[in-house]
Chemist: 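Handing you this structure, nothing more for now.
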Amino acid sequence: YVALERPNKIAFTWRWEPPHEFETHETLVTVEIAPCDEGAELTLTHERFPLAEMLEKHNAGWSGALDRLVRAVANT
């Protein structure tokens with residue numbers, strides 16, 4: 001973890017497990033939560049990718065995870 005600002009922000013590094021061609025490369029994930037009229041807004045930023053292709057794949061993964069989170073919250 002590189003930042004923890006309760007209750008609004010957390011940031012951490014991300015690495016791939018060996019064997020992976022980018023196992024020595026470190027990315028940064030930042031999650032921020034801010035109040036808004038509807039309740040709260042979550043912003044997730046994942047950066048420092050060595051290739052655009054990796055960014056696209058992670059964007060798809062994070063989008064799917066956040067879509068599931070929205071559905072789970074809506075059902076409570």
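As the structure is a prediction and not an experimental result, all values here were calculated from the model. If you read the sequence from its start, that first residue is 1, and numbering goes on from there.
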Chemist: Treat each ILVMFWY residue as a node, draw an edge where side-chain heavy atoms are under 4.5 Å apart, and state whether Ile33 and Leu28 are in one component.
Modeler: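 Unlinked, Ile33 and Leu28 end up in two clusters.
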Chemist: Does atom CH2 (Trp16) have a neighbourhood of more than 12 heavy atoms from anything else shown, all under 6.0 Å?
Modeler: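 More than 12 heavy atoms, drawn from other residues, nucleotides or ligands, come within 6.0 Å of this atom.
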Chemist: Do you know which two heavy atoms are closest between His25 and Phe49, and how far apart they sit?
Modeler: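 For His25 versus Phe49, the nearest heavy atoms are NE2-C, 4.2 Å.
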Chemist: Taking Ile10 as the starting point, is it possible to reach Val2 by hopping between hydrophobic residues whose side chains are less than 4.5 Å apart?
Modeler: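 No; Ile10 is not reachable from Val2 via cluster members.
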Chemist: Nearest 0.5 Å please: distance from the CG atom of Asn59 over to the CG atom of Leu44.
Modeler: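 Answer rounded to 0.5 Å: 9.5 Å.
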Chemist: Once you round to the nearest 0.5 Å, how far does CD of Glu56 lie from CD of Glu53?
Modeler: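 Answer rounded to 0.5 Å: 7.5 Å.
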Chemist: Walk me through it: do Thr13 and Arg15 pass the test side-chain contact (heavy atoms from CB on, under 4.5 Å)?
Modeler: CA-CA 7 Å; Thr13 56; Arg15 281 193 182 195; 5.9 Å; no
Chemist: For Trp62 and His46, which I'm curious about, is there any donor-acceptor pair between the side chains at under 3.5 Å?
Modeler: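 Result is yes, a qualifying pair exists.
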Chemist: Are Val73 and Leu42 co-members of a hydrophobic cluster defined by side-chain heavy atoms under 4.5 Å apart?
Modeler: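 Hydrophobic grouping puts Leu42 with Val73.
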